[in-house]
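Below is one structure, written out as structure tokens; the observations come after it.
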Amino acid sequence: MTEGKLAGRVAIVTGAAGGLGAEAAKVMASHGANIIIADINKTAAETVVSEIQGMGQSAFAIETDVSQEESVAEMVKETIRQFGRIDILHNNAAILSEAQRQGDLDVINMDVEAWDRAMAVNLRGAMLCSKHAIPHMIKLNRGSVINATSGLGTMGDLTLSAYAASKAALIMLAKSIAAQYGKQGIRANALLIGLAPAENAHATMPPALLDIIRENHLTPELGTPRQIADAVAFLACDESSFVSGSVLSVDGGFCSHTPSMAAMRKMFAETGKKSM
Ligand SMILES: NC(=O)c1ccc[n+]([C@@H]2O[C@H](COP(=O)([O-])OP(=O)(O)OC[C@H]3O[C@@H](n4cnc5c(N)ncnc54)[C@H](O)[C@@H]3O)[C@@H](O)[C@H]2O)c1
């Protein structure tokens with residue numbers, strides 16, 4: 001398969017051994033891109049590679065710890081050895097394990113190691129991948145950097161303070177890259193992702209919590225990995241050639257409404273009222 005809006009392009013997707021990253025990698029491959037799966041989990045990454053190769057596209061897995069500069073530098077070198085170019089960098093990797101979430105709490109209960117891990121993987125990882133990949137994009141006079149962020153990066157909540165701070169900073173990192181290298185053809189955007197349960201990170205989320213979050217999405221259902229991946233492919237390709245320095249919300253309207261909306265909807269339903 002070589003036809004498509006990403007035909008011939010080379011995309012690095014970090015954290016693509018599963019979840020949203022794997023879906024983004026497969027969808028970009030379906031549009032013709034060649035894919036590097038850069039993940040700390042090599043075995044799972046190889047499975048995604050086989051699936052992409054089964055679609056007739058080229059893909060390689062490179063075991064990478066995005067928080068370590070040497071590892072990132074080697075991943076980028078290997079990408080160039082395999083494909084000779086880099087067009088797209090999707091900074092998707094994040095540390096979201098159950099253990100991490102149990103340490104990343106409200107500020108006075110914060111496990112400082114969990115804070116440092118979140119910053120190292122989610123934020124420093126994206127900076128390091130950008131630092132090493134963008135020089136290769138500049139050689140092509142084109143490139144798209146896509147940072148995965150979240151509603152938690154723009155609004156306060158009760159827990160996950162480190163995750164939230166790292167996601168807020170990823171918005172700024174995208175804007176910095178857009179400003180610094182825009183004239184050399186590089187676009188950078190943040191993708192604000194609503195809850196789109198992927199098998200890894202959300203398997204342990206209690207259904208009652210998912211219900212609360214669903215009530216605050218404006219769409220009938222939570223998102224799907226495919227819906228997020230389609231937005232990644234849009235930001236990666238030339239259809240978005242005038243989109244840079246932006247935050248694209250693909251969140252079912254989660255961040256668009258008043259904090260009282262879900263409770264008010266419930267009250268209206270209970271009382272039959274239609275206005276305040
Ligand atoms: N799924 C959602 O609903 C949702 C919502 C908002 C934002 N996001 C964001 O989307 C992205 C993907 O989320 P997901 O739900 O697919 O998560 P996930 O946990 O399923 O996947 C994360 C991937 O990152 C990899 N990873 C972890 N540490 C790494 C490291 N040091 N180096 C390289 N790879 C590493 C993991 O192995 C895993 O494959 C994250 O940035 C997340 O913050 C997801």
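All ligand and atom numbering here is 1-based and tracks the order in the structure. The chain is numbered in sequence order, starting from 1.
- At least one heavy atom of Gly194 sits closer than 4.0 Å to an atom of ligand 1.
- Residues Leu248 and Phe234 have side chains in contact (heavy-atom distance under 4.5 Å, counting atoms from C-beta outward).
- Remark: ligand 1 and Val66 share an N or O pair separated by less than 3.5 Å (distance only, no angle test).
- Residue contact check for ligand 1: Thr64 places a non-hydrogen atom closer than 4.0 Å to it.
- Heavy-atom neighbours of Glu113 CD from other residues, nucleotides or ligands within 6.0 Å: at or below the threshold of 12.
- When all heavy atoms of Met119 and Ala165 are compared, the closest pair comes out as CE-CB, 3.6 Å.
- Relative to atom 22 (C) of ligand 1, the option among Ala94, Ala22, Gly19 with the closest non-hydrogen atom is Ala94.
- Heavy-atom neighbours of Glu70 CD from other residues, nucleotides or ligands within 6.0 Å: at or below the threshold of 12.
- Heavy-atom proximity to atom 3 (O) of ligand 1, evaluated over Ala38, Ala196, Gly151, is greatest for Ala196.
- Comment: Lys131 engages Glu69 in a salt bridge, judged by a side-chain N to carboxylate O separation of less than 4.0 angstrom.
- Among pairs with a residue in residues 244-256, those fulfilling side chain to side chain donor-acceptor pair (under 3.5 Å) read Asn189-Ser246, at least two apart in sequence or across chains.
- For atom 37 (O) of ligand 1, the choice among Asp39, Asn41, Val13, Leu20 with the nearest heavy atom turns out to be Asp39.
- Residues Asn92 and Val232 fail the side-chain proximity criterion, which asks for heavy atoms closer than 4.5 Å.
- The stretch residues 142-162 participates, sequence neighbours left out, in these side chain to side chain donor-acceptor pair (under 3.5 Å) pairs: Asn91-Asn147.
- For Ala16, no nitrogen or oxygen atom sits less than 3.5 Å from a nitrogen or oxygen atom of ligand 1, counting backbone and side chain alike.
- Distances between N or O atoms of Tyr163 and those of ligand 1 include at least one value under 3.5 Å.
- The residue among Asp65, Thr224, Leu170 with a heavy atom at the shortest distance from atom 31 (N) of ligand 1 is Asp65.
- The closest approach between Thr149 and ligand 1 falls below 4.0 Å for a heavy atom of the residue.
- The closest approach between a heavy atom of Gln68 and any atom of ligand 1 is not below 4.0 Å.
- Residue-ligand proximity: Ile95 is placed with every non-hydrogen atom at 4.0 Å or more from ligand 1.
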Exercise. Can you check side-chain contact (heavy atoms from CB on, under 4.5 Å) on His132 and Met75, steps first, answer last?
Worked result: CA-CA 9 Å; His132 288 273; Met75 178 273 288; over 6 Å; no
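- Using a 4.0 Å cut-off to heavy atoms of Leu195, the atoms of ligand 1 that qualify are 3 (O).
- Against a heavy-atom cut-off of under 4.0 Å, Asn92 is close to the following atoms of ligand 1: 10 (O), 11 (C), 12 (C), 40 (C), 41 (O).
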